[in-house]
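Quick notes on the structure that follows.
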Amino acid sequence: MLILANRLSSLRPTKPLLRPISYNYKLTTTTSPSSPPQDATIVNLVLKTDSQTLTRTLEKYPVEWTPDLVDRILKLLWNHGPKALQFFKSLDYQPTYAHVSSSFDHAIDIAGRLRDYKTLWTLVDRMRTRRLGPNPKTFAIITERYVSAGKPDRAIKIFFSMHEHGCVQDLNSFNTLLDVLCKSKRVEMADNKLFKVFRGRFRADTVSYNIMANGWCLIKRTPKALEVLKEMVKRGLNPTMTTYNILVKGFFRAGQLKEAWEFFLQMKKRKCEIDVVTYTTVVHGFGVAGEVRKAQRVFNEMIGEGVLPSVATYNAFIQVLCKKDNVENAISVFEEMLRKGYMPNSTTYNVVIRGLCHVGRMEKAMEFMARMKDDECEPNVQIYNVVIRYFCDAGEIEKGLNVFEKMGDADCLPNLDTYNILISAMFVRKKSDDLLTAGKLLIEMVERGFLPQKFTFNRVLDGLLLTGNQDFAKEILRLQSRCGRLPRRLKL
DNA sequence: TTAGGGTTAG
């Protein structure tokens with residue numbers, strides 16, 4: 001209770017509003033156990049060292065490089081792609097260290113995300129020269145990157161060239177590509193260009209059919225999913241619980257509540273061993289459609305049928321109560337789950353905190369933020385962003401900024417969204433001080449490797465000029481040109 | 001990293 005009182009009292013406005021930049025790179029992943037402090041130091045070092053001196057700096061750095069360490073650093077540098085690739089390359093020059101295939105995969109993933117295909121293929125070649133691959137996982141990464149860059153045809157070509165890179169094409173890699181295409185809602189392309197043509201050659205199995213059924217469900221074309229089901233039976237493949245669960249979810253997604261319920265009843269009638277995933281899907285499906293009582297009945301029924309709810313089931317039900325019923329009831333279920341010995345996870349907290357923010361119960365939301373830590377799940381950047389956004393929307397800008405400061409204490413790094421939310425909030429009160437804060441935030445985000453939009457720069461510049469902060473505006477203008485965001489012509 | 005359920009705003 002005392003801790004809570006302290007937390008709440010620290011929400012009062014304090015100055016300075018921004019924590020010192022030295023907090024910058026206390027990096028951890030927020031949902032998994034904290035990474036060793038040494039990782040943060042290395043990441044910090046990589047971020048602030050220029051590419052020319054990085055190799056030497058790393059050489060002198062007193063640490064024994066191991067594949068695990070390198071993979072962790074690459075993961076932490078995920079939002080700083082070019083820096084991550086420089087780090088990878090610099091280590092490659094170290095005489096005492098050789099990259100392993102998982103690090104190559106990470107680097108290839110990062111290059112793909114940057115759409116730097118030249119680097120990507122150079123890395124693939126190097127991987128092959130060193131007999132480290134490329135392996136099917138490498139190609140799963142590459143094709144996924146091409147598909148998400150809007151180049152699905154290229155991804156398919158790459159799949160068929162796998163063997164030229166010394167990697168076998170098998171049913172697994174075929175299924176992986178089908179899945180990548182389906183998940184990006186390109187099920188028609190997956191069907192016409194791959195599945196129909198090559199299912200014989202790769203001996204499509206239950207997994208292939210499930211992937212295709214799910215693909216149709218994702219774009220709400222449940223009749224096509226039913227066709228897939230029919231066809232797999234015709235070919236002598238038995239549908240599994242996964243197949244049925246895909247269809248139930250598909251009906252709900254398509255808004256076919258009646259069909260979902262009938263399908264569920266059919267499953268029961270045919271003595272399917274309905275599992276916790278089916279029940280969770282049905283509870284969530286009815287709930288988000290506004291049928292809370294029906295969701296509640298199914299939730300109660302599953303226990304009667306001897307299927308224990310999982311944390312995911314509770315999360316689904318709690319979310320439904322938050323959205324379509326009321327937060328009080330959601331909190332009762334939350335407490336009930338604790339009494340039954342379940343350990344809430346970050347999703348559980350996420351939905352409860354969101355629910356509380358949504359009805360303006362910010363103090364209670366902050367209380368749950370504090371509780372998270374007791375349950376060993378640190379709030380992640382998304383949940384911080386939600387709380388900051390709601391505080392700012394309610395005009396409680398200082399409280400929003402205070403939560404932002406707390407992220408630093410909690411080793412949770414702000415992301416691009418965090419900065420955009422806060423900077424936008426600095427314009428609502430039309431106060432000169434707020435504009436100064438906006439400017440400081442803009443400088444801080446650039447120092448942390450985020451590239452603000454041109455719009456953000458112009459907005460802050462206009463604000464500073466209107467509030468008579470000409471000198472600060474000049475500083476921001478210089479920053480903007482350093483970032484390569486060409487400034488407009490401004491009269492200063 | 002071969003398939004199904006729970007977070008994400010308007």
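Protein chains get the first letters and strands the later ones, always in sequence-line order, with residue 1 at the start of each.
When the side chain to side chain donor-acceptor pair (under 3.5 Å) test is applied to A:R154, no partner is found at least two apart in sequence or on another chain.
Residue A:V70 is tested with A:L74, A:T66, A:D68 for a side-chain contact (heavy atoms from CB on, under 4.5 Å); the sole match is A:L74. Only one option out of A:H358, A:R354, A:E396 pairs with A:Y390 in a side-chain contact (heavy atoms from CB on, under 4.5 Å); it is A:H358.
Residue contacts for A:N385: at a heavy-atom cut-off of 4.0 Å it reaches no nucleic acid atom on any strand shown. Counting any heavy atom pair closer than 4.0 Å across all strands shown, A:V276 reaches a base atom. Contact annotation for A:T240: base contact, defined as any heavy-atom pair under 4.0 Å involving a base atom. Counting non-hydrogen atoms under 4.0 angstrom, A:V351 reaches the backbone sugars and phosphates but no base. As judged by a 4.0 angstrom heavy-atom cut-off over every strand, A:V283 is placed among residues making no nucleic acid contact.
Side-chain N/O atoms of A:T280 and base N/O atoms of B:dG5 include a donor-acceptor pair closer than 3.5 Å. Residue-to-nucleotide contacts include no donor-acceptor pair under 3.5 Å from the side chain of A:N315 to the base of B:dG5. A donor-acceptor contact under 3.5 Å is formed by the side chain of A:S310 with the base of B:dG5.
Residue pairs that meet the side chain to side chain donor-acceptor pair (under 3.5 Å) test with at least one member in residues 104-118 of chain A, sequence neighbours left out, are A:D105-A:T138, A:D109-A:R145, A:D116-A:T119.
Residue A:K268 places its NZ atom among more than 12 non-hydrogen atoms of other residues, nucleotides or ligands, all under 6.0 Å distant.
Rounded to an integer number of Å, the gap from A:H284 NE2 to B:dG5 P is 11 Å. Rounded to a whole Å, the CG atom of A:L308 is 17 Å from the C1' atom of B:dG6. Here B:dT7 presents its P atom at 19 Å from CG of A:N415, a figure rounded to the nearest Å. Note: CG (A:L247) to P (B:dG5) measures 12 Å, nearest angstrom. Rounded to an integer number of Å, the gap from A:K323 NZ to B:dG6 P is 11 Å.
At a threshold of 4.5 Å between non-hydrogen side-chain atoms, the residues A:P239 and A:Y209 do not count as touching. For the pair A:M362/A:C357, a side-chain contact is recorded, criterion being any heavy-atom separation below 4.5 Å from C-beta on.
Taking a 4.0 Å limit (strictly below) on heavy-atom distances, residues 144-175 of chain A reaches DNA chain B at A:E144, A:N172, A:N175. Within residues 101-121 of chain A, no residue approaches DNA chain B, by heavy-atom distance under 4.0 Å. Of the residues in residues 176-202 of chain A, A:T176, A:D179, A:K183 come within less than 4.0 Å of DNA chain B through at least one heavy atom, sorted by number.
Remark: A:R459 is positioned above the aromatic ring of A:F427, its terminal NZ or CZ atom under 6.0 angstrom from the ring centre and at most 45 degrees off the axis.
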Please tabulate, for side-chain N and O atoms in residues 280-292 of chain A, each donor-acceptor pair with protein atoms closer than 3.5 Å (sequence neighbours left out).
{"unit_1": "A:T280", "atom_1": "OG1", "unit_2": "A:V276", "atom_2": "O", "d": "2.7"}
{"unit_1": "A:T280", "atom_1": "OG1", "unit_2": "A:T313", "atom_2": "OG1", "d": "2.9"}
{"unit_1": "A:T281", "atom_1": "OG1", "unit_2": "A:V277", "atom_2": "O", "d": "2.7"}
{"unit_1": "A:H284", "atom_1": "NE2", "unit_2": "A:Q319", "atom_2": "OE1", "d": "2.7"}

